[in-house]
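Following: one structure in structure tokens, then a few remarks.
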Amino acid sequence: MWPSSRLTELLNIEHPIIQAPMAGFTTPEMVAAVSNAGELGSHGCAMISVDRFRSEMHQTIAATNRPVNMNFFVHEPPKNNPEKNQYAVDLIAPLFEEFGLGAVPDIVPNHFPFDDDMLEAVLETRPAVASFPFGMPEQSAVAALKDAGIIVLSSATAVCEAVDLEQRGCDAIIAQGWEAGGHRGTYLSTEEGARIGTMSLVPQIVDAVSVPVIAAGGIADGRGIAASFALGASGVQIGTAFLTCAESATSIAHKMALLTAHDDDTRITKAFSGRLARGLNNRYVELLAEHQENLPDFPLMNTVTGPLRKHSVAIDSPDFVALYSGQSVTLNRELSAELLLKTLIEEAQALIYP
Ligand SMILES: Cc1cc2nc3c(=O)[nH]c(=O)nc-3n(C[C@H](O)[C@H](O)[C@H](O)COP(=O)(O)O)c2cc1C
């Protein structure tokens, strides 16, 4: 039993917990484990091709017949700015030299946008839920998804975004607080203004929209879940806490950094992708701290950082890995997804129904 059944009924799940989609970190194995446990497993598909999406979707549905969520990026196309490209190449080149990585690659996008081909693949494979972190796709795509019975979720970092998402047909809204790990979902508000903590954001969004609200950002144990319900949310979306689960694709260097981090170790940086994201501080983040406003647009910056990240992972060094993490990182536990969920539910239930 939970204080609100709006989300569990909408998503046809037992417990109002969504394991956050995390492109590059979630796996079909993790999604299936979470959905089989009665929550909503989500897969971050922003960095995979249409073919790979089809294959990973098939792997997922072979492992669970419960609802799953597939997540895609929709965002403004980046502006190609040769001056900014050169600035980034000049900054990064000495690091490539230090590690013998050859020439810095050409700057091209390496994210797969949610285009017509991806839409077709989603309509064909029919996940129960599709979600989008930086606003909604074109209205025609939203209509096609909803006509196919697919529930559409998106995230808001300010009230104006939540109102916009509801108007565009979003079925439930993820209120992403400033504590959250990974990229900021801000798309209508301002980078500065939308630095709103989960505790402030959730009740204000709850008051502004009529669809269910899902709290996200800094929720990592039963206390965060119970607090989210007290703030009026109908459920929670949790990311960082799942990064240290056995089923995640998190690198060893990243897992070790998460498990030894302190509360004040996270930074907000554009250094990895060109878009603000929260992660643990490391040598690369420090090096680029003064240069953030001169970097190429999201997601172009990913191209130049790709080989450095791979090299860092290969030698188990955290120095150049994008150590995405939310602010509640010290609450992370090293459990299987199933055991983490069981623990979260027991902790939350004990607080909500003492
Ligand atoms: C490593 C990592 C990768 C993420 N990638 C995505 C993504 O691909 N799509 C998305 O909608 N959200 C992504 N997020 C954000 C989550 O959806 C969510 O807002 C966030 O994890 C909540 O905060 P928490 O990490 O403190 O639990 C990511 C978060 C992390 C930590």
Side-chain angles (χ1 to χ4, degrees), residues 17-27 30-31 40-48 53 69-75 111-114 129-137 152-157 161 165 170 173-187 194 196-199 201-202 213-221 223-225 227-228 233 235-245 248-251 254-255 257-258 261 263 265-266 268 272-273 275-280 298-299 302 309 321-333 340 344:
I17 300 178
I18 302 177
Q19 160 260 314
M22 296 184 278
F25 299 88
T26 51
T27 58
M30 172 179 275
V31 178
L40 186 69
S42 311
H43 195 26
C45 303
M47 281 156 59
I48 56 177
F53 163 73
N69 168 27
M70 294 286 146
N71 175 269
F72 308 90
F73 285 6
V74 281
H75 55 87
H111 278 183
F112 293 88
F114 187 71
V129 183
S131 67
F132 305 92
F134 315 125
M136 294 273 270
V152 177
L153 307 181
S154 184
S155 56
T157 60
E161 291 170 357
L165 293 176
C170 195
I173 292 167
I174 300 146
Q176 189 199 39
W178 180 236
E179 298 91 324
H183 286 105
R184 302 290 306 144
T186 306
Y187 72 98
I196 308 171
T198 307
M199 187 144 180
L201 187 65
V202 171
V213 174
I214 301 151
I219 301 163
D221 64 14
R223 291 171 292 186
I225 298 172
S228 300
V236 297
Q237 175 160 299
I238 300 178
T240 302
F242 283 93
L243 288 174
T244 42
C245 286
S248 80
T250 313
S251 66
H254 193 165
K255 272 192 184 166
L258 291 163
D263 58 340
D265 282 344
T266 71
I268 288 274
F272 285 102
S273 67
R275 186 181 182 104
L276 287 184
R278 184 180 294 284
L280 298 173
F298 172 82
N302 270 323
R309 299 190 211 192
V321 181
L323 301 172
Y324 292 134
S325 167
Q327 287 184 323
S328 297
V329 58
T330 66
L331 303 179
N332 264 52
R333 300 170 254 210
L340 173 62
L344 291 172

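Note that ligands are numbered from 1 as they come in the structure, with each ligand's atoms numbered from 1 the same way. Just so you know, these numbers use all the heavy atoms, side chains as well, and skip hydrogens, waters and symmetry mates.
Nearest to atom 5 (N) of ligand 1 by heavy-atom distance, out of Gln19, Gln327, Met22, Arg184, is Met22. Of the candidates Ser154, Ala180, Ala277, the one placing a heavy atom closest to atom 23 (O) of ligand 1 is Ala180.
Residues Ser248 and Lys255 form a side-chain contact, since some pair of their non-hydrogen atoms from C-beta on lies under 4.5 Å apart. Side chains of Ile214 and Ile18 form a contact here, defined as non-hydrogen atoms less than 4.5 Å apart.
At distances below 3.5 Å, at least one donor-acceptor pair connects side-chain atoms of Asn332 with backbone N or O atoms of Thr240. Side-chain atoms of Ser155 come within 3.5 Å of backbone atoms of Pro133 as a donor-acceptor pair (strictly under, hydrogens ignored). Checked by atom type and distance alone, the side chain of Arg184 never pairs as donor or acceptor with a backbone atom of Ile268 at under 3.5 Å.
Closest to atom 11 (O) of ligand 1, if we only count protein heavy atoms, is Asn71 ND2, 3.1 Å. At the top of the distance list for atom 29 (C) of ligand 1, counting protein heavy atoms only, stands Gly181 O, 3.2 Å. The shortest contact between atom 14 (N) of ligand 1 and any protein heavy atom is with Pro21 O, 3.7 Å. From the protein, the heavy atom lying nearest to atom 1 (C) of ligand 1 is Tyr324 CB, 3.4 Å. In terms of protein heavy-atom proximity, atom 25 (O) of ligand 1 is nearest to Thr240 OG1, 2.5 Å. Protein heavy atom nearest atom 27 (O) of ligand 1, with residue, atom name and distance: Gly239 N, 2.9 Å. Given atom 26 (O) of ligand 1, the protein heavy atom at minimum distance is Gly218 N, 2.8 Å. Looking at atom 16 (C) of ligand 1, its nearest protein heavy atom turns out to be Ala20 CB, 3.7 Å.
When each atom of ligand 1 is checked for a heavy atom of Gly182 under 4.0 Å away, the hits are 29 (C), 30 (C), 31 (C). Proximity to Ala23 (heavy-atom distance under 4.0 Å) selects the following atoms of ligand 1: 5 (N), 7 (C), 8 (O). The Gln176 neighbourhood of ligand 1 comprises atoms 19 (O), with distances under 4.0 Å to a heavy atom of that residue.
With Phe73 as the aromatic partner, Arg275 does not meet the cation-pi criteria of under 6.0 angstrom to the ring centre and within 45 degrees of the ring axis.
Heavy atoms of Ala46 come nearer than 4.0 angstrom to ligand 1 in no pair at all. Heavy-atom distances between Phe132 and ligand 1 stay at or above 4.0 Å for every pair. Not a single heavy atom of Ser328 sits less than 4.0 Å from an atom of ligand 1.
Side-chain atoms of Thr157 and Thr186 include a donor-acceptor pair closer than 3.5 Å.
For ligand 1, the polar-atom distance check against His183 finds no nitrogen or oxygen pair separated by under 3.5 Å. Where the criterion is an N or O separation shorter than 3.5 Å, residue side chain and backbone included, Gln237 meets it with respect to ligand 1.
Using bins of under 30°, 30° to 60° and over 60° for the plane-to-plane angle, the ring pair Tyr324/His183 lands in the tilted bin.
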